[in-house]
Every structure is written in C-alpha cells, then in structure tokens.
Number of protein chains: 2
Amino acid sequence: MSKRKISIEDIARRAGVSHSTVSRALRDNSLISPQVREEIKKIAREMNYVPNAVAQSLQNKRTNTIGVVVTSIADPFFAEVVEGIEQVARSAGLSVLLSTSHRDFEQELAAIDSFHRRRVDGILVADSRISKHHTQQLAQIAVPIVFLNSQTQELPEMFHIVTIDDFLGARLAVEHLVSLGHTSIGYLGVGDRSRSNHQRLEGYRIALKEAGVLPKTDWVALSDEEHGRTDDVAIAQQLLPELFKTGVTGIFCYNDMVAVGAMLACQELGISIPQDLSLVGFDGIALSRYVTPPLTTVCQPMLELGRSAMQMLLDLLQEKNVENLVLSPFLVQRGSSAELMANG
Amino acid sequence: MSKRKISIEDIARRAGVSHSTVSRALRDNSLISPQVREEIKKIAREMNYVPNAVAQSLQNKRTNTIGVVVTSIADPFFAEVVEGIEQVARSAGLSVLLSTSHRDFEQELAAIDSFHRRRVDGILVADSRISKHHTQQLAQIAVPIVFLNSQTQELPEMFHIVTIDDFLGARLAVEHLVSLGHTSIGYLGVGDRSRSNHQRLEGYRIALKEAGVLPKTDWVALSDEEHGRTDDVAIAQQLLPELFKTGVTGIFCYNDMVAVGAMLACQELGISIPQDLSLVGFDGIALSRYVTPPLTTVCQPMLELGRSAMQMLLDLLQEKNVENLVLSPFLVQRGSSAELMANG
DNA sequence: TTGAAAGCGCTAACAA
DNA sequence: TTGTTAGCGCTTTCAA
C-alpha cells in the first residue's frame, strides 16, 4: 500500500469533472449521463485504477470480510470445513480472514479480537472453547457470530450454531457393531474435546443400553487431560493394548485418527482387523478410505458443515431469521468392521 | 460494522481533551504526560474501546494484512503450507486473507486482484499459473509478491520465489530405487502441473541415465490434460495396469496421492508391494505414513516452505534484500520399496 | 505537553 | 445531471 495509487481525484482531474461524478460513474449510479459514465470508465481503465477497498469500508461501514477461526488448518477435518466456507463466502463476494486457535482459549479470543478491530462483517468459529463467561465480551462485537461444532457445553441463546449430531453419530457406530453381533464394545476417546467427546460417549452408552448390554467401566478408554496436546494417533496407540485386554471385540473410536492409531497398535500386537477386532471411526476424512483395511466410519458432512455455517452467516448479515442447525452424520461401512466370529 | 462504536472522539470528550491527545496516549507517544496517558487508557478500557483498524489503515497506508492464494485448502499439502504461513504471519502481527484458485488461471488472477483492492501489504501465491504475459499487470500491484512452488516455466526476475527442488527430489527417488537393484523404473505422472511435473520427469530421466539405464518410452505414464481436473488417485488407478505391463519393477510417482492410487490398483490386480513392485511417492503428507505398506516418499518440508515464504515476504516488507530460495526435499524410506527380488 | 487542522480515498446529502 | 461539502475514524504536522 506504499506507492501512491490512482484515486478518483486523479481520474476526475483528467476527465475534467468532480470526484463525486467519478464515484457515481464507477458505481453505475443512475443519476449520470451515459456518455460521461462510459468516458470516465474508459479513463479509469486507462489509468489502471483500482478502487481502494479500505476507504470504501471506512465510509460504508462494511468490510465485506468475514473472520474464520479454526483450531488448525493442517487438520484435514478443518481444512475441508474451511474449503466449504470459502466457497460460499467467495460466491457472495466476501473475503475470508483465517486464524488458528490451536485449541487454546486465549488464542481463540485473541483471533476474535483481531477480527473485531478489523471490523469484519461476521465471524465463524469452529470448535470454540468459549464459555458463557465471555458472553459479555462477545456481545460487544456487535457482528453476527456462528459457531461450528462448538465445544462449549452451554452457549448462550444469543449465539448461532451449526453442529453435527455427535450423539446420533455415536449411536450409528455402536448400532452398526451390535448389528454385526458384537456385544463387548469399547470406546476409545480423547480427553480434551469436552462436548463432542461427551456426546459421543453418551451416545455409545445409550446405544449399548438399548441393545441390552451393560458396558463394563474399563471398556471406556480416555486419555488424560495432559495428553490433550499430543496427537490422536499416538494416544490411541498407547491406549489400545489395555482396552483390547478387556475383551472387547469392537471399538468405536472418537475419530478417524484415533482409529488409525488403534490400527497401528493392532498391527504391532498381531491383532487382525476385522477378524479379531472391529473398528469404527468418526469424521470420514480422506485418509479413512486409504488405510488397510479401509475404515468403517461415521462421516460428518464437512464441506456441508462449512457451507451451512457460512450460509447462516450470510442470512444473518441480511438480517434474516435463522435457526440453529444440527447436521446428521451417516455411517459408511468399509472393511474395518465385520460379523463377530464364533471364536470372537 | 453496523452499530456505532466508541471512537477516540468519544474518549476525548469524556476525558476533556482533544482527540489527538487520545490518539497519542493510546499509541504510547512520548510527547504526552504519563498521568494523562494512563487516565486516557483507563477511560478507553472502561468504554470498551476497540480501535478501528480500517481507519488506521487508510491513514497509515498499511493494512497489516497479507493475501494468500492456494489451489485448494482441502489439499493436505497446501493445508500444511498455509499453516506455516499463518504461524509466521501471526507472530509478526499480520492477518491472512485466504483465497483459492482451484488451479484455475482466472481465479488466481481474480484473487490477486481482490487482494489488490483490499490493499494487502503483500501476497503469497502457491502453485501459480501466472505467465510472463501478466508481468505488467502484477507490477501494478506495487506490493511484494512471493511465489511458492510456482508452476510457471519462466517467471520474470522481478518476482520472488521459494521452491522445492523437484529435480533433486526426483533424483533421490530414482537413485533410491536404483540402489535397491531396480533398473526398470517407471514414472507415473500427471498432465497438468507443468513445471513440477516436468522437473520431476527430467530428474527421473537424468538419474536413470546416470545409472546407465536407457528408459523405454512407455515407462513414462502421464494423464491427458483432460484428466487434469480429476483426482490424482483415480488417475493413477487408471494408469497403473498399463504401466505395470511394461515390466517395470519400481515406480516413481508424481506425488503421494498418485502413489496411493497406484497401491489401490495393485491391490486389485494382486500385485504385492514391495515384493512385486516398489513404489516411491512425493510430498510426505501424513497419509503416506498410514497406508499399508507405509509409503517410501520424497518429503517436501511443507511447513518450512510456508514459513520461509512468509519470512521472505516479511523481509521484503522491511525492504531488505532477499534471494530466491530453493528448499531441498529428502527421502524417507518406508515399506513400499524393497530390494529387487531375483524373480523381479 | 497539548490542540487545531489537514488529509488518507471514498460515499452521499444537499445545492445548483 | 453535476459540483460542493461533509464526514467515516484515525495519524500527524504545525502552532501554541
């Protein structure tokens, strides 16, 4: 932004009109004679004029920009979500500012604050860690905020949410294993994703109960909070041996990366999948199709999640009424799950 | 940006000073008495003042924003690169505007143009399709542009570039196969990535030549341009059978996704890896570690690529002299490649 | 140490 | 249909 650029003043001077006439011409305002308009446009083109969006924003009180916070871009899940967001944003003429929170509360707030200063028109936050204590602070921002798969247990009513139905997803996974004859079914989870982990665990419990199975307490393996920062694959590799010893014949994993970790551990232990153990993942990232055996998993419509959230934000920007959205995951059966063997 | 926000005027009124004094206080200007400064800061805090970055940008001619164009965010390679960019940008206090080009020339230009209007301080373009015909147009932009792994054959000197050494990477791959005893080595490439594909193919040819092998023409399999838009996995699946028939015992694949496609095709044909065929990929995306067998691949330092490019941009913004950078890939040997069997 | 005033590049109300 | 003027919220001379 250093070098002096052509402004409407420059064009005005060259065209022998006032700068407001130029402004009108460029914006196709009706109160202007067609000839002058075309002439001005021609001059603008010749001078390589590029409108200054910063000045426009200051005047219009709109930046045509939205802010997006995700925990990590390198995570295939969020990458897909952001892809969906960007598609819709772009087709609506909005640019997206991207920031990462690394599941850290402070960083999330810092990102939102930065968006606030930049006066974005709206904000999208995935996997938010924000709690109701910050309601006040967020309310100040005065632009619509939509949360995607919020991890906060209870979010004030004033916020808008698009979530995946974790509870349903967990049930689909467990019911699938039950339908294959499994009754000893474990849950391999992670410690730090409060809401989604809880919901999936709850779905697991209810589904087992409905199948008439009383789950043993050691069928549920969760990493300590401390491991929260380590990667899911490693956590699962570490947790699987113990879990397998409890005699489970099927495991519902918190997500696909956890399932991959479980697979690796099984490989090392000589446990064959799905013969000795059936595995079900969650998310449906590309990777799940390419591991061996391909992973049976509960797919989240990731692109759709991003698209819907962005669409909701668009509606909010047009002051439409919107309702919170719960998207349904669906099971994709692949090679990692099979009928319980007689010797299971 | 709709609701009226607190401005320095409001604070000035409340503090009984002029707005310029407020501006000075808030910016820790030295020409101001400590008491007044603290008092003003206190009032600002009480009034929940959030500076308007748009107004600041208009005045300062700096937006503290950079624009990033990638072909796709959902691509694990670019996701990682963007992660690296964002890390460095954020620690330098810059926000990143993200846009996608989908390998499409027009979309790439549109994205850059949008950044130009928004007066970003600098631009990063990955996998650019821009040719020298657009030099003029890009020169207008007057902010530094750094290209990452540019796909353009010849880019004018005025542009800054960070690339991976594709040529070296290809040699590493082929030399690895040669060291395992392979002599009939194929190349499985894609049609549309002009530069990187050419470089890798060239590296493949040279390496073979140096090993004293005269490659048969049908050892090189490339998808038609038309398939350019399809995904790499599918292309490879389609191309592998023919390529295998030529009698190659090792294949260097354009990238990891191509290698995965090759693996899937082999599974279907009953070709076992690495016994019947050794496979080497390129990129080193996470996926490469989790397929079976794990993929031997030429790793690009993706995070580093993003970080270096962003660092170069930072240097450019400080008017430092920078030199184009070529990063070296490195081979990671895993299970998909092995010594040539006697019956190979 | 502070205030008054100009100006960044644009839009829009009001006048002509 | 066009020009004049004010103002978006800020930084920065120049005077006081």
Side-chain angles (χ1 to χ4, degrees), chain A residues 1-41 43-44 47-65 116-121 142-143, chain B residues 1-41 43-44 47-65 116-121 142-143:
Chain A
M1 206 167 155
S2 46
K3 207 165 78 182
R4 177 109 198 325
K5 290 258 167 55
I6 303 296
S7 73
I8 55 173
E9 294 281 0
D10 301 315
I11 300 175
R13 211 169 304 126
R14 185 100 97 87
V17 296
S18 78
H19 74 278
S20 39
T21 301
V22 175
S23 173
R24 287 190 192 101
L26 262 22
R27 319 184 57 254
D28 286 323
N29 188 307
S30 54
L31 319 160
I32 197 172
S33 78
Q35 306 97 286
V36 195
R37 186 199 306 154
E38 289 316 313
E39 175 64 12
I40 290 177
K41 284 192 173 181
I43 295 179
M47 297 179 83
N48 285 313
Y49 170 71
V50 178
N52 185 329
V54 177
Q56 290 176 321
S57 295
L58 184 59
Q59 172 65 239
N60 299 337
K61 299 183 158 305
R62 257 187 138 255
T63 53
N64 292 313
T65 302
H116 188 186
R117 303 164 75 100
R118 300 190 116 87
R119 301 295 195 263
V120 298
D121 297 333
V143 305
Chain B
M1 205 167 152
S2 45
K3 206 164 81 181
R4 178 111 197 323
K5 289 258 168 56
I6 302 295
S7 75
I8 54 172
E9 294 281 1
D10 301 316
I11 300 175
R13 211 169 303 126
R14 184 99 96 87
V17 296
S18 76
H19 74 277
S20 36
T21 301
V22 175
S23 173
R24 287 190 191 101
L26 262 20
R27 317 187 58 257
D28 286 321
N29 189 309
S30 54
L31 319 161
I32 196 171
S33 78
Q35 308 94 288
V36 194
R37 186 200 305 154
E38 290 317 312
E39 174 63 13
I40 290 177
K41 283 193 173 180
I43 295 179
M47 297 179 83
N48 284 313
Y49 171 71
V50 178
N52 184 331
V54 177
Q56 289 176 322
S57 295
L58 183 60
Q59 173 66 238
N60 298 339
K61 299 183 158 305
R62 252 185 142 257
T63 53
N64 292 314
T65 302
H116 188 185
R117 303 163 76 100
R118 299 190 117 87
R119 300 296 193 264
V120 297
D121 297 334
V143 304

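Labels below follow one simple rule: chain letters A, B, ... track the order of the sequence lines, proteins then strands, and each chain is numbered from 1.
Rounded to an integer number of Å, the gap from A:Glu39 CD to D:dT2 P is 12 Å. Spacing between atom CZ of A:Arg117 and atom C1' of D:dG9 amounts to 14 Å, rounded to whole angstrom units. Rounded to a whole Å, the CD1 atom of A:Ile11 is 11 Å from the P atom of C:dT11. Summarising the geometry, the separation between CD on B:Glu9 and P on C:dA4 is reported as 11 Å, rounded to the nearest angstrom. Separating the CZ atom of B:Arg119 from the C1' atom of C:dG9 is a distance of 9 Å, rounded to the nearest angstrom. In this entry the distance linking CD1 of B:Ile8 with C1' of C:dG3 reads 13 Å, nearest Å. Whole-Å rounding puts the A:Leu58 CG to D:dA6 P distance at 18 Å. Between the CD1 atom of B:Ile6 and the C1' atom of D:dC10 there is a distance of 15 Å, given to the nearest Å.
Look at B:Gln56 and you won't find any side-chain N or O under 4.0 angstrom from OP1 or OP2 of D:dG9. Here A:Arg27 reaches the OP1 or OP2 of C:dA12: one of its side-chain N or O atoms lies under 4.0 Å away. Residue A:Ser7 places none of its side-chain N or O atoms closer than 4.0 Å to OP1 or OP2 of C:dG9. Neither OP1 nor OP2 of D:dT2 sits under 4.0 Å from any side-chain N or O of A:Thr21. A:Lys61 has a side-chain polar atom (N or O) that falls below the 4.0 Å cut-off from OP1 or OP2 of D:dG9.
As judged by a 4.0 angstrom heavy-atom cut-off over every strand, A:Ser33 is placed among residues touching the sugar-phosphate backbone only. The residue A:Ile32 sits close only to the backbone: its heavy atoms come under 4.0 Å of sugar-phosphate atoms, none of a base.
Residue pairs meeting the salt bridge (charged side-chain N to carboxylate O under 4.0 Å, His left out) criterion with at least one member in residues 7-20 of chain A, sequence neighbours excluded, are A:Arg4-A:Asp10, A:Asp10-A:Arg13. The side-chain hydrogen bond (donor to acceptor under 3.5 Å, both in side chains) contacts involving residues 23-37 of chain A comprise A:Asp28-A:Lys41, where partners must be two or more places apart or lie in separate chains.
Here the side chain of B:Val36 is nearest to one of C:dT11, C:dT2, C:dG3, namely C:dT2.
Taking the side chain as every heavy atom from C-beta outward, A:Ile6 and A:Val50 never approach each other to under 4.5 Å.
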Review point. How far apart are the C-alpha atoms of A:Tyr49 and A:Ile8, what are their side-chain angles, what is the distance that settles it, and do they pass the side-chain contact (heavy atoms from CB on, under 4.5 Å) test?
Key: CA-CA 8 Å; A:Tyr49 170 71; A:Ile8 55 173; 3.5 Å; yes
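For B:His19 against D:dT11, a side-chain-to-base donor-acceptor contact under 3.5 Å is present.
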Please write out the pairs of protein N or O atoms and N or O atoms of nucleotides 13-16 of chain D separated by less than 3.5 Å, giving the distance to one decimal.
unit_1: D:dT13; atom_1: O4; unit_2: B:Arg24; atom_2: NH2; d: 3.0

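Distance CD1/B:Ile43 to CG/B:Leu26: 10.5 Å, rounded to 0.5 Å. In this structure, CG on B:Asn64 lies 6.5 Å from OG on B:Ser57, to the nearest 0.5 angstrom.
With sequence neighbours left out, A:Arg117 forms a salt bridge (charged side-chain N to carboxylate O under 4.0 Å, His left out) with no residue at all.
A donor and an acceptor atom, one from each side chain of B:Arg119 and B:Thr65, are nowhere located under 3.5 Å apart.
Comparing B:Ser30 and B:Ala55 by the nucleotide of DNA chain C that holds the closest heavy atom to each, the one mapping nearer the 5' end is B:Ser30.
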